[in-house]
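Chain letters run A, B, ... following the sequence lines, proteins first, then strands; residues in each count from 1.
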Amino acid sequence: MLKKTEHSDLLTQGDLSELERIREFIIVKANTFGFSNDIAYKIALAVDEACSNLIKHSFKFDSKKTISISIETERNAFTVIISDYGNPFDPNNISSPNMKEYFEHFNRGGLGVHIMKSVMDEISYIPSQNNDSSNKLILRKFIN
Amino acid sequence: MTQENKFVINQRHLEKVECLYLKGYLDAHTSPILESALETLVKDGKNNILVNFRDLDYISSAGLGVFMAFIEDVREAGGDIKLTDMQQKVFSVFDLLGFPMLFDIEKEEKTAIDKFNSNEERVSD
């Protein structure tokens, strides 16, 4: 199925209270693109995990910082670009945990990146090159 | 909408089991509410805990992490945290990460309560 190229943006405060609005934005756009409710929900989960990590680890809960979320759809690709001016953090540098060992040691945390990698088809990261450019996390999911 | 409205816990005390009924969204914003509720139960020595997910519409890793924080202590004290009545979309998040390996996830609350009661009988035999 060929999809028309489209672009949508959402700018939010870097605050955990914004997560619900971010998820709703993603779910509506993913459903409109043609994903099932189940896949739309999972993409929203991956974006939630990315934004939660940003707010906690990069922004250190400074809600004056902002997150810009852009969705680009083209042909069979649904792409979410999450831009921020926090400390760069490339999730591709984090290896996924061995869940058997994770449970044996009753670990906690560190699952957000694992979820993102499990749900999305492609993850790429472009760190800020200077103070004027943002970091960009690019999450992509293809539709059959 | 306030944080409290986005996520609500109702609590019911049975003879041997404390039941928590979750409603709304369990994410990084609301998970401290659940953490606080579980912490209170565990501090009070209430280690047979049933969590009913029937009205929970969403969970992220922050919510999963809350259960990881308490399961070891609760089991060491002879209890358990049993999870029941999940909507498919919520179960799929647990399943995605393999949480059924560690947690007892039941379709119905009654099954979990029966297990708590039968375990109690075995312990007292």
Group every Ile, Leu, Val, Met, Phe, Trp and Tyr by side-chain heavy-atom contacts under 4.5 Å, then state whether B:I81 and B:I105 land in the same group.
yes

With a 4.5 angstrom heavy-atom cut-off, could you sort out which part of B:D57 is near chain A: side chain, backbone, both or neither?
backbone

Would you mind checking if B:K6 and A:E24 are paired as a salt bridge, meaning a charged N to carboxylate O distance below 4.0 Å?
no

Donor-acceptor contact present, side-chain A:R108 to main-chain B:M68, <3.5 Å
no

A:L137 with A:I94, same ILVMFWY side-chain cluster at under 4.5 Å:
no

Measuring heavy-atom distances to chain B, does A:N107 have an atom under 4.5 Å in its side chain, in its backbone, in both, or in neither?
backbone

Might you confirm whether atom NZ of A:K29 has over 12 heavy atoms from other residues, nucleotides or ligands at distances under 6.0 Å?
no

Examine distances only and state if a side-chain atom of A:E49 and a backbone atom of B:S61 form a donor-acceptor pair shorter than 3.5 Å.
yes

When you compare the side chain of B:D27 with that of A:R23, does any pair of heavy atoms fall below 4.5 Å?
yes

A:M99, B:L96: one ILVMFWY side-chain cluster at the under-4.5 Å cut-off?
yes

With a 4.5 Å limit on heavy-atom distance, are the side chains of B:I59 and A:L45 in contact?
no

Close side-chain approach of A:Y102 and B:L97, heavy atoms under 4.5 Å
no

Please indicate whether B:K89 has more than 12 foreign heavy atoms, meaning atoms of other residues, nucleotides or ligands, lying under 6.0 Å from its NZ.
yes

Could you measure the distance from the CZ atom of A:F106 to the CD atom of B:E76? Nearest 0.5 Å is fine.
7.5 Å

Give the intermediate values and the outcome of side-chain contact (heavy atoms from CB on, under 4.5 Å) for residues A:D48 and B:Y25.
CA-CA 12 Å; A:D48 173 323; B:Y25 306 119; over 6 Å; no

Roughly how far apart are A:E18 CD and B:H29 NE2, rounded to 0.5 Å?
9.5 Å

I need the minimum non-hydrogen distance between B:A28 and A:L19, along with the two atoms involved.
CB-CD1, 3.9 Å

Among the clusters formed by ILVMFWY side chains lying less than 4.5 Å apart, do B:L20 and B:F94 turn up in the same one?
yes

Verify the cluster assignment for A:Y125 and A:I43: are they in a single hydrophobic cluster under the rule of side-chain heavy atoms below 4.5 Å apart?
yes

Take atom CD in B:E108; do more than 12 heavy atoms of anything else shown fall under 6.0 Å from it?
no

Go through the atoms of A:S17 and report whether side chain, backbone, both or neither lie under 4.5 Å from a heavy atom of chain B.
both

Given a strict heavy-atom distance threshold of 4.5 Å, which part of B:F103 is in contact with chain A: side chain, backbone, both, or neither?
neither

Nearest heavy-atom approach of B:V93 to A:Y41 is CG2-CE2, 4.1 Å

Determine whether A:E20 and B:Y58 make a side-chain contact, defined as any pair of heavy atoms from C-beta on separated by less than 4.5 Å.
no

